[in-house]
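One-based numbering along the sequence shown. Read the numbers this way: they start at 1 and go in the same order the structure lists the ligands and their atoms. For clarity, every value in this text was computed on a predicted model and none was experimentally measured.
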Amino acid sequence: MAEKKNNYTVDPGGRFTCKKCGVLLVKGSATFSYLDNAFPVELPVCPGCGFIYVPEDLARGKVLDVERELEDK
Ligand SMILES: [Zn+2]
């Protein structure tokens with residue numbers, strides 16, 4: 001597994017804080033691109049630097065795989 005940069009911290013309450021800005025990430029709309037597809041998602045974003053937290057499942061394409069499996073049935 002590749003080493004990833006930790007641009008955020010997660011507090012016990014499950015809230016994300018941007019390490020760079022020291023502010024809480026807020027839910028915002030983003031567009032997630034996968035191959036030739038782009039779809040809107042709601043992800044925690046930093047209001048300061050624009051950092052977007054991407055869940056590992058989403059980054060790895062796991063979510064898409066699940067959706068595809070469901071569609072096949
Ligand atoms: Zn930030």
**Student:** Determine which pairs satisfy salt bridge (Lys or Arg N to Asp or Glu O under 4.0 Å) with at least one residue from residues 15-24, sequence neighbours left out, and list them in order.
**Tutor:** D11-R15

**Student:** Answer yes if V54 and L24 sit in the same cluster of Ile, Leu, Val, Met, Phe, Trp and Tyr residues linked by side chain heavy atoms under 4.5 Å apart, and no otherwise.
**Tutor:** no

**Student:** Could you state the interatomic distance from OG1 (T9) to CG (L25), rounded to the nearest 0.5 Å?
**Tutor:** 8.5 Å

**Student:** Measure the SG-OH distance between C46 and Y53 for me, rounded to the nearest 0.5 Å.
**Tutor:** 15.0 Å

**Student:** Under 2.8 Å from the Zn ion (ligand 1), which protein atoms of type N, O or S occur, listed by chain and number?
**Tutor:** C18 SG, C21 SG, C46 SG, C49 SG

**Student:** Hey, could you give me the CG/CD1 distance between L43 and I52, rounded to the nearest 0.5 Å?
**Tutor:** 7.0 Å

**Student:** Hey, could you give me the CZ/OH distance between F16 and Y8, rounded to the nearest 0.5 Å?
**Tutor:** 6.5 Å

